[in-house]
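Letters go in sequence order (proteins before strands), and every chain restarts at 1.
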Amino acid sequence: MLVHSRTGKWAAWAVFFVLFVPLFAVPLLVILAASFTTNWSGAFPSGPTTEHYAAATGGDSLQALTTSLITAVSASLLALTVGSWAALAATSLRRRGRRFLDALFMLPVAVPSVVVGLAVLVAFSKPPMLLNGTRWIVILAHTILVTAFAYSSVSAAIVRLDPMYEQAAASLGARPSYVLWRIKLPLLLPALTAAAGLCFALSMGELSATMMLYPPDWTPLPVQIFAATDRGSLFTGAAVAVVLMGTTLLVLLGVARIRTRASYR
Amino acid sequence: MTGGATGGIRFDQVSVAYGGNTVLDRLDLTVEPGEVMALLGPSGSGKTTALRAVAGFVQPASGRVYLGDRDVTGLPPHKRGIGMVVQQYALFPHMRVHDNVAFGLKARKAAKAEIPERVAEALELVGMAAYAERYPRELSGGQQQRVAIARALAIRPGVLLLDEPLSALDARLRSGMLAELARLHRELPDVSILYVTHDQVEALTLADRIAVMDKARLQDCGTPQELYRRPRTEFTASFVGNANLLPVTVADGADTVDFAGRALDVPTGEAAGGATATLCVRPHLVGLGDGPNALSGTIAEVQWRGSTHRLYVDVDGHRVKADLRELRETPALGDTVTLHFAAEDAVLLPAGTAPGTGGGAHA
Ligand SMILES: Nc1ncnc2c1ncn2[C@@H]1O[C@H](COP(=O)(O)OP(=O)(O)OP(=O)(O)O)[C@@H](O)[C@H]1O
Ligand SMILES: [Mg+2]
């Protein structure tokens, strides 16, 4: 932790708890508590129940969970492919071109996601590109939103990748494509999995653009949570939110396992 | 041989520039098939650049590079068929030792059945067969070094490029590896080796010929004996063997020069009387006490180096180095001593035969 004296260590922990507990832990704990509650009118919840989970893991909510998972997995795989490809291609560009590409991929992050949603809606509502009303428009919007993160984390890793590996491989007679598959991508694997996890988590939680685009048969979980709380079913919403958190965390843990296996130093 | 390249490297007027800054200036050099050529020079003299031009990682601004009789100047690196080992080894961290060694064979689509045998053979050659299953991070520096060499040799290249392969090793390991490289070359007599180093001991030990580089230029090229005993330039004399360089004037009489008012007997060869020249004497050929070509001066510094003493003596404002067998009684600073050297141990160089004489810093 870079703090060596004893009192310094204690102080660091104290600051950590003062900041972390109210900012991060308490809200999440409240959600968790709410999801097991039938009534929360006083300071503490009352009437413990698991009924909300029955709702949150069946019927519409289960459907929504699958929808979210499919959307997030497809969007992050697409984003990872496009983002890494662009990041790899950027290395062979001159500085000006690289800057342009950086700016291009940063655009969806700089623009509010509502605007991205609206833009996608307007752009794909007319033939020949009629995606409105299908699941594809949701996946597309998510892909656009998360590609920036894939691009920037992969290109940061490419910059750190020592060119000597690539050169050693080339001097041993490996074609550029062989170098890419056997050397560069494996060495970038930790960054790729980190990017995949990030994209997945972002897509799982995306609401604002999704709200503008989702067709009735493709309702992701965040929309479901929003709808539940909007109806006034706060505790059901909380249970669905816990399912969303749990699933996302589970997938991220899985990705992290691949990552530790893929890091060599 | 699947390496494709037959032995031998030829630089034909090769120049390399980075953004208008010439770092390799019209290099002309031929490495014969089966020859070990050391590229020796101070840091920044363009050695690595010359090597990279052979490997194909830098494109010459002008000139051609030949491997054997094939012009490879425009060829991408993976089509050149060379073996290369760099200072940091660059073993692929995500592959086990045997996969590292097999990499070149697989990349060149060697027959599948042949690969394990050739990997084993290459690892055997460098004595690393027992480590085939390890990852590079599980090896010591010297072991990584051997694997890097095995990987380069597995493709049976006609040309092996080594860029300061021993610089990451400690002194003991370095001399061991040096002997091993020499053995390796005896076992692979057809491979041409271009060996970049700034260490003159490595160059003298290993090389059939040494090319001395300074300031982007080839300064001198010859066998170690030639360069050591009969250097042609001041730069070579000071960089290879760290010679004493004394400014002298050639006297009119036969085989005599004038050094700060003293007459010294040295072979003057063709040098005309009255010409200025540089007298070159190796420190270990300078003796203490009276004798022929005596030079007296005051002790400026004494260094004990175990088996030898290095004396720095000021002779009329010129610093003369002498390496002497360990002295019983060390002279004190400021003592007046007399040094001498035999006429046949001195070489007379035309004055100003190198742009810089700064190599003396490598004591
Ligand atoms: N990619 C590059 N861009 C610009 N200048 C470079 C580049 N690579 C090398 N140089 C310059 O070229 C000159 C020669 O470099 P080179 O690496 O060939 O030296 P060297 O003789 O191998 O030195 P060393 O013994 O330190 O490795 C140096 O002045 C260096 O600064
Ligand atoms: Mg170098």
Side-chain angles (χ1 to χ4, degrees), chain A residues 80 84 87-89 91-99 153-197 255-265, chain B residues 2-5 48 51-52 54-58 67 72 75-96 99-110 122 135-138 144 147-157 159-163:
Chain A
L80 201 62
S84 322
L88 285 165
T91 54
S92 58
L93 292 178
R94 289 172 188 283
R95 185 172 305 163
R96 183 89 66 75
R98 206 175 312 168
R99 276 225 201 102
S153 54
V154 175
S155 49
I158 289 176
V159 170
R160 286 199 308 272
L161 192 65
D162 199 321
M164 72 180 180
Y165 295 118
E166 211 179 308
Q167 296 188 348
S171 79
L172 289 165
R175 281 162 287 117
S177 60
Y178 196 84
V179 176
L180 178 69
W181 285 106
R182 292 304 169 90
I183 304 298
K184 275 205 208 166
L185 287 179
L187 289 178
L188 288 173
L189 197 57
L192 291 174
T193 51
V255 170
R257 274 185 74 102
I258 304 181
R259 217 160 103 214
T260 42
R261 292 240 320 263
S263 60
Y264 315 103
R265 271 163 268 206
Chain B
T2 55
T48 298
L51 198 103
R52 289 167 64 81
V54 180
F57 298 125
V58 347
L67 289 177
V72 297
L75 225 53
H78 67 277
K79 294 200 175 138
R80 296 199 177 191
I82 43 153
M84 180 161 161
V85 178
V86 295
Q87 197 173 340
Q88 311 85 354
Y89 314 141
L91 294 178
F92 307 130
H94 57 296
M95 293 182 190
R96 291 177 192 277
D99 286 326
N100 261 283
V101 177
F103 183 87
L105 298 170
K106 288 183 185 158
R108 288 150 172 266
K109 304 206 173 78
Y135 281 100
R137 62 168 181 273
E138 300 165 341
Q144 291 186 30
V147 175
I149 292 175
R151 183 176 70 177
L153 288 177
I155 60 173
R156 295 188 187 151
V159 164
L160 185 59
L161 307 176
L162 301 171
D163 191 356

Let me know if [X] has heavy atoms under 4.5 Å from chain A in its side chain, its backbone, both or neither.
X	result
Arg151(B)	both
Ala148(B)	neither
Leu161(B)	neither

Quiz item: Do Arg52(B) and Gln167(A) come within less than 4.5 Å of each other through their side chains, counting heavy atoms only?
Solution: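 They are in side-chain contact.
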Practice problem: Give a yes or no on whether the backbone of Leu172(A) and the side-chain of Arg108(B) come within a donor-acceptor separation of less than 3.5 Å. | Solution: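 Yes, because the side chain of Arg108(B) sits within donor-acceptor range (under 3.5 Å) of the backbone of Leu172(A).
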Non-hydrogen atoms of [X] and [Y] that approach each other most closely:
X	Y	answer
Lys106(B)	Tyr178(A)	CB-OH, 3.3 Å
His78(B)	Ala174(A)	CB-O, 3.1 Å
Arg175(A)	Ala107(B)	NH2-O, 4.5 Å

Practice problem: Could you grab the distance from atom CD of Gln88(B) to atom CG of Asp162(A), nearest 0.5 Å is fine? | Solution: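 Separation between the atoms: 7.0 Å.
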Self-check item: Straight-line distance of Met164(A) CE to Phe57(B) CZ, nearest 0.5 Å
Solution: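 Answer for the CE-CZ pair, Met164(A) versus Phe57(B), is 12.5 Å.
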